[in-house]
Amino acid sequence: EEKATLHSLDENEHRLSIVSQAAELGTWELNLLTREPIFSDRYLQILGFMPGSHPTHDEILTKIHPDDMPIRNEAIKKALETGSLDFEMRIKPTPDSIRWIRSRGKVFYDEKNAPWRIMGTTMDITEQKTAFTALQASELLFKTIANVSPVGLWMTDVNGKNTFVNDTWVDWTGIVVTDRQEEGWLGAIVEADKDYVLGVCKKSLEKKENFAVEFRITR
């Protein structure tokens, strides 16, 4: 039974290792009483340490971006109360570099319900953060250009409901994006023109072609 238990434990650790490597997760553990840390090589690599090195907990803390230290401290404080850790922050693997990480973990308590150990994973999310920031900048640029354009612009989902209208379209129709969402942009069209416009639109969608149509709108 002892051998079987050890074999099962070894298999579980092997599976965990495979998953962690595939997801490029760094794993870590901290004894909250002795402050003794245990880190995987991937975790050390993320923070800018050499694999196999043994940095102290204080040395690990020096890698945190000074402006994000309050975020980390608040997350740890909350984790000790709730038992779960989940936060994002910036780190400085080298003096000249800044990267984003996300850490998740679980707090373990002793028989007196006092926290004594915390274990978790850390992932480098710099690429995701960079892409998200670029997307936000792109969307802001689009909305800025769209709202100063003399052309009425609108966007809809697959059901034809408004997801965006620019200021010119609102000025022409008096309809903002939150109004008449069931009708979408068709809500501004004169009733006598709706069937014709909708027919042209559906035909273009079926053929996956651009469409051009003239119609009257109400204001």
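Under a 3.5 Å cut-off, the side chain of Thr168 and the backbone N or O of Ser149 do form a donor-acceptor pair. Judged by distance alone, the side chain of Lys63 and the main-chain N or O of Pro93 form a donor-acceptor pair under 3.5 Å. At least one donor-acceptor pair closer than 3.5 Å links the side chain of Tyr109 to the backbone N or O of Leu80. A donor-acceptor distance shorter than 3.5 angstrom exists from the side chain of Asp110 to the backbone of Ala114, with no hydrogens or angles considered. Asn147 places no side-chain N or O within donor-acceptor distance of the main-chain N or O of Asn166, the cut-off being under 3.5 Å. Within the 3.5 Å criterion, the main-chain N or O of Trp169 finds a donor-acceptor partner in the side chain of Thr173. Checking side-chain atoms of Asp68 against main-chain N and O of Ile71 turns up no donor-acceptor pair under 3.5 Å.
Using a cutoff of 4.0 Å between basic side-chain nitrogens and carboxylate oxygens, Glu127 and Arg99 are scored as salt-bridged. Salt bridge Glu209/Lys203: absent, no basic N to carboxylate O contact under 4.0 Å. With salt bridges taken as basic N to acidic carboxylate O contacts below 4.0 Å, one links Lys194 and Glu191.
The two atoms that bring Pro150 and Trp172 nearest to each other are O-CZ2, 3.6 Å, heavy atoms only. Closest approach of Met123 and Gln128 over heavy atoms only: SD-NE2, 4.4 Å. When every heavy atom of Gly174 is checked against every heavy atom of Arg219, the shortest pair comes out as N-CG, 4.5 Å. Of all the heavy atoms in Ala146 and Phe164, the pair that sits closest is CB-CZ, 3.9 Å. When all heavy atoms of Pro37 and Pro55 are compared, the pair lying nearest together is CG-O, 3.9 Å. Asp193 approaches Ile189 most closely through the heavy-atom pair CB-CG2, 3.8 Å.
Counting non-hydrogen atoms of other residues, nucleotides and ligands closer than 6.0 Å to CD of Glu214 gives a total of 12 or fewer. By the 6.0 Å contact criterion, CE on Met155 is open, its count of non-hydrogen atoms from other residues, nucleotides or ligands being 12 or less. The environment of CG in Asp171 is crowded: more than 12 heavy-atom neighbours from other residues, nucleotides or ligands sit within 6.0 Å. More than 12 non-hydrogen atoms from other residues, nucleotides or ligands lie less than 6.0 angstrom from NE2 of His57.
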Next on the checklist: Working note: Phe215 + Val213, criterion side chain to side chain contact (heavy atoms under 4.5 Å, CB included); need CA distance, chi angles, decisive distance, verdict.
Outcome noted: CA-CA 7 Å; Phe215 55 87; Val213 63; 3.9 Å; yes

Checklist entry - Is there a side chain to side chain contact (heavy atoms under 4.5 Å, CB included) between Leu47 and Ile60 once you walk through the steps? => result CA-CA 8 Å; Leu47 268 71; Ile60 291 292; 3.7 Å; yes

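Note that CD1 of Ile98 is 10.0 Å distant from OG1 of Thr126, once rounded to the nearest 0.5 Å. To the nearest 0.5 angstrom, Phe49 atom CZ is 8.5 Å from Tyr43 atom OH. Expressed to the nearest 0.5 Å, how far CZ of Arg104 lies from CG of Leu25 amounts to 9.0 Å. In this structure, OG1 on Thr27 lies 11.5 Å from CZ on Arg42, to the nearest 0.5 angstrom. Summarising the geometry, atom NE2 belonging to His65 is positioned 11.5 Å from atom CE belonging to Met89; distances are rounded to the nearest 0.5 Å. Between Ile118 atom CD1 and Phe108 atom CZ the span is 9.5 Å, to the nearest 0.5 Å.
With hydrogens and angles left out, the side-chain atoms of Thr133 and Thr130 include no donor and acceptor closer than 3.5 Å.
Relative to the six-membered ring of Phe87, Lys78 misses at least one condition, a distance below 6.0 Å or an angle of at most 45° to the axis.
Partner of Arg102 under the side chain to side chain donor-acceptor pair (under 3.5 Å) criterion, chosen from Thr121, Thr122, Asp86, Asp124: Asp86.
In terms of hydrophobic clustering, with Ile, Leu, Val, Met, Phe, Trp and Tyr side chains grouped at heavy-atom distances under 4.5 Å, Leu198 and Tyr196 are assigned to a common cluster.
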